[in-house]
Amino acid sequence: MLQTETYQMKEVCEEVGLTYETLKYYCNEGLVPNHTRDKNNYRIFDRNDINWIKGLTKLRECGMSIKEMKKYMKLCYEGESSIQERKAMLENTRKNLEEEITRINESLQYIEEKQVYYDQVLAGEIELTSSLLKME
C-alpha cells in the first residue's frame with residue numbers, strides 16, 4: 001500500500017501562511033473536510049489538503065466570506081455540474097477586487113496630489129489654503 005506523506009498543523013501553518021488559530025477555525029468550520037486525525041487525535045493533513053487550504057487563503061484574501069467559501073466548497077463537491085456557478089462566484093469576487101483597486105488607486109492619487117501641493121507650499125511656490133482654517 002502506498003503511504004501518503006502527512007503534515008501536522010504547525011507544518012501546514014508555516015507552509016500556507018496561516019496562524020494555528022485560523023487553520024483550526026477553518027477545520028472547525030468544515031472548510032478543510034478531508035483532514036484526518038492521528039492516534040493521539042491530532043489533525044493531520046496531506047498534500048491535497050494543503051493545496052485546498054492554499055486556495056482557501058487566496059479566496060479569503062480576495063474578500064470572500066467564510067459563508068461564501070463554504071458555498072464554493074459545496075459546489076466543488078458537486079463536480080462539473082457546478083462549474084458555471086463557481087465561475088459566477090469567482091467573477092463576482094473579481095469585480096469586487098477591481099472596484100477595490102479603483103478605490104485604492106483614487107486614494108493614492110489624492111495622496112500624491114496632496115504631497116505635491118505641500119511640496120509647492122514648502123518651496124514657496126504657492127500659498128497655503130485651507131478648508132478648515134480661515135485664511136486672510
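Predicted model only: the values in this text are computed from it and were never measured.
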(Q) Quiz question: by atom type and distance under 3.5 Å, do the side chains of Glu68 and Ser65 form a donor-acceptor pair? (A) yes
Salt bridge between Arg103 and Glu106, side-chain N to carboxylate O under 4.0 Å? no
Do the non-hydrogen side-chain atoms of Met9 and Tyr42 ever get within less than 4.5 Å of each other? no
**Asked** Any chain of hydrophobic side-chain contacts (each under 4.5 Å) joining Met64 to Leu97?
**Response** no
Would you say Ile83 ends up clustered with Leu75 if hydrophobic residues are merged whenever their side chains have heavy atoms under 4.5 Å apart, either directly or through other cluster members? no
Applying side chain to side chain contact (heavy atoms under 4.5 Å, CB included) to Asp119 and not counting sequence neighbours gives none
Please check if the side chain of Asp38 supplies one atom and the backbone of Asn40 the other of a donor-acceptor pair under 3.5 Å. yes
Using a strict 4.0 Å threshold on nitrogen-to-oxygen distance, state whether Lys70 and Glu29 make a salt bridge. yes
* **Heavy-atom check, side chain of Gln120 versus side chain of Val116, under 4.5 Å** => yes
Answer yes or no: is there an ion pair linking Arg86 with Glu78, defined by an N-O contact shorter than 4.0 Å?
no
Between Cys27 and Arg43, the two heavy atoms sitting closest are CB-NE, 3.4 Å
- Does a side chain donor of either Tyr117 or Thr129 reach within less than 3.5 Å of an acceptor in the other side chain? yes
Self-check item: N/O donor-acceptor pair under 3.5 Å between Thr102 side chain and Glu98 backbone
Solution: yes
Cationic N near anionic O, under 4.0 Å, Glu99 to Lys95
no
Nearest heavy-atom contact between Cys76 and Ser82 is N-OG, 4.2 Å
- Task: Say whether Leu31 and Leu90 are linked into one hydrophobic cluster, either directly or through other cluster members, by side-chain heavy-atom distances under 4.5 angstrom.
- Result: yes
Expected output: side-chain Glu113 to main-chain Tyr110 donor-acceptor under 3.5 Å
no
Any side-chain heavy atom of Thr57 sitting closer than 4.5 Å to one from Trp52?
-> no
Nearest heavy-atom contact between Met73 and Pro33 is SD-CD, 3.7 Å
**Prompt:** With side chains defined as the heavy atoms from C-beta onward, is the minimum distance between Ile44 and Tyr7 less than 4.5 Å?
**Reply:** no
So does Glu21 pair up with Lys24, basic N to acidic O under 4.0 Å? no
- Item | Residues, nucleotides or ligands: over 12 heavy atoms within 6.0 Å of Tyr77 OH | yes
Open item on the list: With heavy-atom distances below 4.5 Å as the criterion, would you say the side chains of Lys67 and Lys71 are in contact?
Closed with: no
Review point. Can you check side chain to side chain contact (heavy atoms under 4.5 Å, CB included) on Lys54 and Lys58, steps first, answer last?
Key: CA-CA 6 Å; Lys54 285 179 179 180; Lys58 289 299 174 196; 6.0 Å; no
message = Run the side chain to side chain contact (heavy atoms under 4.5 Å, CB included) test on Tyr26 and Ile66 for me, step by step, so that the C-alpha distance in whole Å, both residues' side-chain angles and the decisive distance to 0.1 Å come before the verdict.
response = CA-CA 9 Å; Tyr26 282 6; Ile66 298 297; 3.8 Å; yes
Does the Asp49 side chain pair with the main chain of Asp46, one donor and one acceptor, at a distance under 3.5 Å? yes
Rounded to the nearest 0.5 Å, the OG atom of Ser107 sits from the CD atom of Glu100 at a distance of 8.5 Å
Among the clusters formed by ILVMFWY side chains lying less than 4.5 Å apart, do Ile111 and Tyr118 turn up in the same one?
no
Paired with Val12, the side-chain contact (heavy atoms from CB on, under 4.5 Å) test is passed by just one of Leu18, Val32, Ile53, namely Ile53
Next on the checklist: When you compare the side chain of Thr4 with that of Arg47, does any pair of heavy atoms fall below 4.5 Å?
Outcome noted: no
